[in-house]
K.L.:
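I am attaching a structure below and will ask some questions about it afterwards.
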Amino acid sequence: MIQENVEKITITLPDGATREYAAGVTGLEIAESIAKSLAKASIAVKVNGEQRDLCDPITQDSQFSIIKLDSDEGLEIMRHTVTAQLLARAVKNLYPDAKLAIGPTIENGFYYDVEFKEPLSEDDLAKIEKEMRKLKETNAPINKSLNSKADTIAAFEKRGEPYKVDIVNRADQEDGFQLYTQGDSDFIDLCRGPHLPSLKHVGVFKLMKVAGAYWRGDSNNAMLTRIYGTAWRNDKELKEYLTQLKEAEKRDHRKIGAEMDLFHFQSEAQGSVFWHAKGYTIWQQLEQYIRRRITDDGYVEVKTPQLMDQKMWEASGHWGKFRENMFVVPDVVPNTDEDGPVFKEEPKEFMALKPMNCPAHVQIFKQGLKSYRDLPIRMAEMGCCHRNEAHGALHGLMRVRQMTQDDAHVFCREDQILSEVKRFIELFYAVYKDFGFTDLKVLLATRPELRAGNDETWDRAENAMAEALNTLGIEFEYAPGEGAFYGPKYEFHLRDAIGRSWQMGTCQLDFVLPERLDASYIGEDGDKHRPVMIHRAIFGTFERFIGLLIESFAGRFPLWLAPVQCVVATITGSADEYATQVYEKLRAAGIRAHLDIRNEKINYKVREHSAVGKVPVLYAIGAREAEEQTVAIRRLGSQAQSVESLDSAIEALAKECKAPY
RNA sequence: GCCGCGGUAGCUCAGUGGUAGAGCGCGUCAUUGGUAAUGACGAGGUCGAGAGUUCAAUUCUCUCUCGUGGCACCA
């Protein structure tokens, strides 16, 4: 059909070539005009940087590219179609009463939140998956229509989908709601798109697990059932992903911690760690290391009370804002009658285990008058804190109820904020580099809605914190509204073995606590001024940091941290005496050694100390070594052996065991 | 705290309405060996706790508890 006066538009392809089309041309038509095979492989297009469906008309001059399944974007679109079209429709087919909420893609997969009448268990997933396969086999084309707000709401109300109605109601737009359909089924889904042009482009998928999730992420709302799944282009990719998951599980710090005899938990102390000798060795190494670091950076170290009176926590604001996370202890003598109540009368006076160290540090600051010349004061504490975390939040070493922070508070003048924050970041990065943690996510959390302090102070604080990162060339993202009520903060995040992100270190400006607890210094002008407090931690907590270390190293600690650095294992009983000498010499050289003269074969010993114990160095001692005063050295992860003379081997090993700082 | 799943030997797990099994570990004995599991024998369990149904419960039901995957909350 030739239309003389139809408007022409210019389409610019990724290679810079331009082509002219009639306005309103679709992505599919452009693809077809380039090559039939390309059109067949296309699943969506990108117009001026925005993902669009193949069937969307293009009405103006545009940058244009085609999205195929082989790209990351293509894979994500496919996953989106799997959840929003296949999973949603399969669920509706099997459970007509189910109410659909949202179904986005996530890293490696997707989920869909659904309200079911009856609880859904993981056993039901096979059935749903089967239905999805059946639907995929239809190769149904996916079409869409644009609808007004009123029509869209009417359509979902008719279908009994209150969550979809809610989504539409909350939308700003009045028109252009996209409803997708599959072939001639009566399934519809509200979606931003784009989607695959048809189900035949769907690759392989697998439903993984079910979990609860609150509607709109709000615990006041109904809890929906979230179905998690994964989708890939082909079986090989899926298999690789599942293998990778299995491998990641092997790095789980809880599993490795038990195997390596590092720590344990038991129900009588839920959320609190029983550190075994080997685990506590790691802790001590970390503590000594960080103490050297901060001492050299001008910190002083203090130790403050575990229990303080309710009045202190009222003054600090914790009683009001943090109490549900605190362990509160009645300050009365318990009843001693064996069968009587714990307390003879209702306790009226309370104390609380500290959930944070800051109020106590302010008390130390307040002892004696401070001059502006005294500032900054960098006050550190390996502070043991208790927080009454929700049961469901506890997770191995990553989330505990008793934790020890490598905490410190810098008391400084406002004009010192920038230099102190910069100084901290530099220290922080030097430390993380020593542990090989280079892939940090940094967030700058800014003022929340409910906050103390005026806007000018917040402006200055947030700007100083952003400037510190910028001048040091550190990339970060803003977390708007996520700051503490008393000031903005940095959050430093790391990922564990299976990709969960954990906040490690932090750095928080605080204008409120010095005020509340009436801390002041005498300024140059002779008047009293409020110091600014910077709350900061590098590891965050020893517990979480060790958890991350275990997963990051898969238990294979570098020599300086390894609980046992060297095992001396005999090959034959005749070498016992010499092996004992070797062991004694290692100990004398300050090396954490273990002597294994059990009546076992060397194969067995090697396996136990390597695969299970993850000891970095093993000295195998047989008759030859005893004869020649040597050791046969085997390194963890290597089949190679080298024979060296005893003294030089120990000397070299001792050097290697030195901490990086 | 909320939703789902789970708790059986020191550990990892199988199993059954008629009071239990494997592998590893542990102990004993034999073996004295050369680099990621030597062999034989043996000991070891109120089947998370409480209540209910039943002639009989580790097994079925309920409550609690702890763990676990998420959600919410957070270092």
Side-chain angles (χ1 to χ4, degrees), chain A residues 111 113 115-116 119-125 208-228 252 254-255 258-259 264-271 322 324-325 355-356 383 385 387-400 403-407 482 484 489 491-494 498 500 502-506 508 535 537-545 547-548 569-576 599-613 618-625 632-641 643:
Chain A
Y111 66 77
D113 285 349
E115 185 188 300
F116 288 95
L120 190 80
S121 94
E122 243 141 70
D123 298 338
D124 301 316
L125 293 182
M208 305 291 283
K209 55 194 178 188
V210 297
Y214 297 107
W215 168 235
R216 301 177 56 80
D218 184 338
S219 56
N220 296 313
N221 290 341
M223 176 148 288
L224 309 175
T225 302
R226 178 169 293 180
I227 301 172
Y228 283 95
D252 189 316
R254 294 165 300 186
K255 190 177 158 64
E259 282 168 5
H264 85 269
F265 291 91
Q266 60 188 56
S267 57
E268 291 84 351
Q270 49 176 300
F322 206 70
E324 69 169 343
N325 286 305
M356 298 181 194
C385 295
R387 292 186 192 172
N388 200 344
E389 301 286 354
H391 288 79
L394 300 176
H395 180 87
L397 293 178
M398 305 303 199
R399 193 79 182 268
V400 292
M403 71 208 83
T404 301
Q405 302 173 316
D406 64 320
D407 200 9
E482 298 286 308
K489 62 179 180 181
E491 293 179 10
F492 299 94
H493 292 259
L494 283 178
I498 63 167
R500 286 182 288 220
W502 298 95
Q503 184 182 324
M504 310 301 290
T506 183
Q508 316 182 0
H535 309 243
I538 298 175
F539 295 154
T541 66
F542 284 84
E543 286 82 1
R544 183 176 287 182
F545 196 77
L548 253 298
T570 48
I571 294 165
T572 155
S574 64
D576 285 359
N599 176 17
E600 294 291 351
K601 294 202 163 177
I602 191 66
N603 287 300
Y604 181 88
K605 294 184 183 180
V606 166
R607 182 183 178 277
E608 189 172 281
H609 298 301
S610 302
V612 183
L618 184 135
Y619 286 176
I621 307 289
R624 273 206 305 274
E625 287 75 19
I633 304 169
R634 185 192 176 105
R635 295 275 176 156
L636 182 62
S638 161
Q639 308 283 333
Q641 304 155 44
V643 178

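It should be emphasised that the depicted structure is a prediction, and the values quoted were computed from it without experimental measurement. In what follows, chains are A, B, ... by sequence order, proteins preceding strands, each numbered from 1.
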K.L.:
Please give the nucleotide sitting opposite B/G25 as a Watson-Crick or G-U wobble pair, both distances under 3.5 Å, or none.
P.N.:
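Pairing partner: none.
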K.L.:
Describe the nucleic acid contact of A/Arg635 in one word from base, sugar-phosphate, nothing, applying a heavy-atom distance below 4.0 Å.
P.N.:
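No contact at all - A/Arg635 keeps every heavy atom at 4.0 Å or more from the nucleic acid.
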K.L.:
So what's B/A57 paired with, Watson-Crick or G-U wobble, going by both distances under 3.5 Å?
P.N.:
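Check on B/A57: unpaired, no WC or wobble geometry under 3.5 Å.
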K.L.:
In whole angstrom, give the distance that lies between atom CD of A/Glu625 and atom C1' of B/G33.
P.N.:
13 Å
K.L.:
Base, sugar-phosphate, or nothing for A/Ala213, non-hydrogen atoms under 4.0 angstrom?
P.N.:
sugar-phosphate
K.L.:
Atom pairs under 3.5 Å, N or O on each side, protein against nucleotides 63-67 of chain B: can you list them with distances?
P.N.:
unit_1, atom_1, unit_2, atom_2, d
B/C66, OP1, A/Gln270, NE2, 2.3

K.L.:
Base, sugar-phosphate, or nothing: which does A/Ser610 touch, judged by heavy atoms less than 4.0 Å apart?
P.N.:
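Counting heavy atoms under 4.0 Å across all strands, the contact made by A/Ser610 includes a base.
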K.L.:
Calculate the interatomic distance between A/Asp113 atom CG and B/G70 atom C1'; express it in whole Å.
P.N.:
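Taking CG of A/Asp113 and C1' of B/G70, I get 11 Å after rounding.
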K.L.:
Partner lookup for B/C2, please. Criteria are Watson-Crick or G-U wobble with both distances under 3.5 angstrom; report none if nothing qualifies.
P.N.:
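Its partner is B/G70.
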K.L.:
Using the P atoms only, state how far B/G4 lies from B/C62, rounded to an integer number of Å.
P.N.:
12 Å
K.L.:
Regarding A/His395, tell me which of base, sugar-phosphate or nothing describes its non-hydrogen contacts under 4.0 Å with the strands shown.
P.N.:
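Touches sugar-phosphate only.
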K.L.:
Supply the atom-to-atom distance A/Met398 CE to A/Arg544 CZ, rounded to the nearest 0.5 angstrom.
P.N.:
8.0 Å
K.L.:
Side chain to side chain donor-acceptor pair (under 3.5 Å) with A/Thr570: which of A/Glu600, A/Lys605, A/Glu625?
P.N.:
A/Lys605
K.L.:
Looking at every non-hydrogen atom in both residues, tell me the closest pair between A/Asp124 and A/Pro119 and how far apart they are.
P.N.:
OD2-O, 4.3 Å
K.L.:
How far, in whole Å, is B/A57 from B/U19 if one measures between their P atoms?
P.N.:
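Result for the P pair: 11 Å, nearest Å.
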K.L.:
Strictly under 3.5 Å: I want the nitrogen or oxygen pairs between protein and nucleotides 72-75 of chain B, one per line.
P.N.:
unit_1, atom_1, unit_2, atom_2, d
B/A72, O2', A/Ser219, OG, 3.4
B/C73, O2, A/Arg399, NH2, 2.5
B/C73, N3, A/Arg399, NH1, 2.9
B/C73, N3, A/Arg399, NH2, 3.4
B/C74, O2, A/Arg399, NH1, 3.2
B/A75, OP2, A/Gln503, OE1, 3.4
B/A75, O3', A/Gln503, O, 3.0
B/A75, O3', A/Gln503, OE1, 3.2
B/A75, O3', A/Gln503, NE2, 2.8
B/A75, O2', A/Gln503, O, 2.1
B/A75, O2', A/Met504, O, 3.4
B/A75, O2', A/Arg544, NH1, 2.6
B/A75, N6, A/Glu389, OE2, 3.3
B/A75, N6, A/Val400, N, 3.4
B/A75, N6, A/Val400, O, 2.5
B/A75, N1, A/Val400, N, 3.2
B/A75, N3, A/Thr541, OG1, 3.4

K.L.:
Side chain to side chain donor-acceptor pair (under 3.5 Å) with A/Asn325: which residues, sequence neighbours excluded?
P.N.:
none
K.L.:
Hey, which of these two, A/Arg607 or A/Gly573, hits RNA chain B nearer its 5' end, going by closest nucleotide?
P.N.:
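Closer to the 5' end of RNA chain B: A/Gly573.
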K.L.:
For B/G33, give the paired nucleotide (Watson-Crick: N1-N3 plus N6-O4 or O6-N4; G-U: N1-O2 and O6-N3; both under 3.5 Å), or none.
P.N.:
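The base-pairing partner of B/G33, which may sit in any strand shown, does not exist here.
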K.L.:
Looking across every strand, which nucleic acid part, if any, lies under 4.0 Å from A/Gly637 by heavy atom: base, sugar-phosphate, or nothing?
P.N.:
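Base: the residue A/Gly637, judged by heavy atoms under 4.0 Å, touches a nucleobase.
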K.L.:
Sticking with atom C1', work out how far B/G6 lies from B/G48, rounded to a whole angstrom.
P.N.:
11 Å
K.L.:
Pick the C1' atom in B/C66 and in B/G15, then give their distance to the nearest Å.
P.N.:
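23 Å, rounded to whole Å.
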K.L.:
Which heavy-atom pair separates A/Ala211 from A/Tyr228 by the least distance, and what is that distance?
P.N.:
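Answer, listing the atom of A/Ala211 first, then A/Tyr228: CB-CE1, 4.0 Å.
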K.L.:
Give one of base, sugar-phosphate or nothing for A/Ala569, where a contact means two heavy atoms less than 4.0 Å apart.
P.N.:
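Answer is nothing: A/Ala569 stays at 4.0 Å or more from every strand.
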K.L.:
Can you tell me, in whole Å, how much space there is between the C1' of B/A36 and that of B/A75?
P.N.:
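It works out to 38 Å between them.
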K.L.:
Both distances under 3.5 Å, Watson-Crick or G-U wobble: report the partner of B/G50, or none.
P.N.:
B/C62
K.L.:
What string of B, S and - do you get for nucleotides 5-14 of chain B, 5' to 3', when a contact is any protein heavy atom under 4.0 Å?
P.N.:
S---------
K.L.:
Testing the basics here: between A/Ala575 and A/Ala623, what is the closest heavy-atom pair and its distance to 0.1 Å?
P.N.:
CB-N, 4.5 Å
K.L.:
Is A/Glu324 atom CD crowded by more than 12 heavy atoms from other residues, nucleotides or ligands, each under 6.0 Å away?
P.N.:
no
K.L.:
Say we look at B/G23 and B/A43: how far apart would their P atoms be, to the nearest angstrom?
P.N.:
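Looking at atom P only, B/G23 and B/A43 are 14 Å apart.
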K.L.:
For A/Asp124 and B/C3, what is the distance between atoms CG and C1' respectively, to the nearest whole Å?
P.N.:
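In whole Å, B/C3 C1' lies 14 Å from A/Asp124 CG.
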K.L.:
Going by purine N1 to pyrimidine N3 plus the second Watson-Crick contact, or the G-U wobble pair, all under 3.5 Å, which nucleotide sits opposite B/G45?
P.N.:
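Matched B/G45 with nothing under the 3.5 Å cut-off.
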K.L.:
Is the phosphate of B/G70 approached by A/Arg500 (side-chain N or O, under 4.0 Å from OP1 or OP2)?
P.N.:
yes
K.L.:
Mind checking A/Ala258 for me? I need base, sugar-phosphate or nothing, with any heavy atom below 4.0 Å counting as a touch.
P.N.:
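A/Ala258: no heavy atom of the nucleic acid under 4.0 Å.
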K.L.:
Measuring only between side-chain heavy atoms, which start at C-beta, is A/Phe545 closer than 4.5 Å to A/Ile538?
P.N.:
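Of all side-chain heavy-atom pairs linking A/Ile538 with A/Phe545, none is under 4.5 Å.
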K.L.:
Name all residues meeting the salt bridge (charged side-chain N to carboxylate O under 4.0 Å, His left out) criterion together with A/Arg254; count only those two or more places apart in sequence or in a different chain, and write none if there are none.
P.N.:
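For A/Arg254 the salt bridge (charged side-chain N to carboxylate O under 4.0 Å, His left out) partners, ignoring immediate neighbours, are A/Asp252.
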K.L.:
Rounding to an integer number of angstrom, what distance separates B/G39 and B/G34 when you compare their P atoms?
P.N.:
15 Å
K.L.:
Does B/A9 have a Watson-Crick or wobble mate here (both distances under 3.5 Å), and if so which one?
P.N.:
none
K.L.:
Rounded to whole angstroms, how far apart are CD1 on A/Ile633 and C1' on B/G34?
P.N.:
15 Å
K.L.:
Strictly by Watson-Crick or wobble contacts shorter than 3.5 Å, is anything paired with B/A75, and which nucleotide is it?
P.N.:
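By the stated definition (distances under 3.5 Å), nothing pairs with B/A75.
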K.L.:
Once you round it to whole Å, what is the distance between C1' of B/C71 and OH of A/Tyr111?
P.N.:
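Distance, rounded to whole Å: 10 Å.
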K.L.:
Indicate for each nucleotide in nucleotides 38-51 of chain B, in 5' to 3' sequence, whether protein heavy atoms under 4.0 Å reach the base (B), only the sugar-phosphate (S), or nothing (-).
P.N.:
B-------------
K.L.:
Please state the C1' separation for the pair B/U58 and B/G50 - nearest whole angstrom.
P.N.:
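Roughly 15 Å separates the two C1' atoms.
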K.L.:
How close do A/Phe539 and A/Asp406 get, counting heavy atoms only, and between which atoms?
P.N.:
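What the structure gives for the nearest pair is N-OD2, 2.9 Å.
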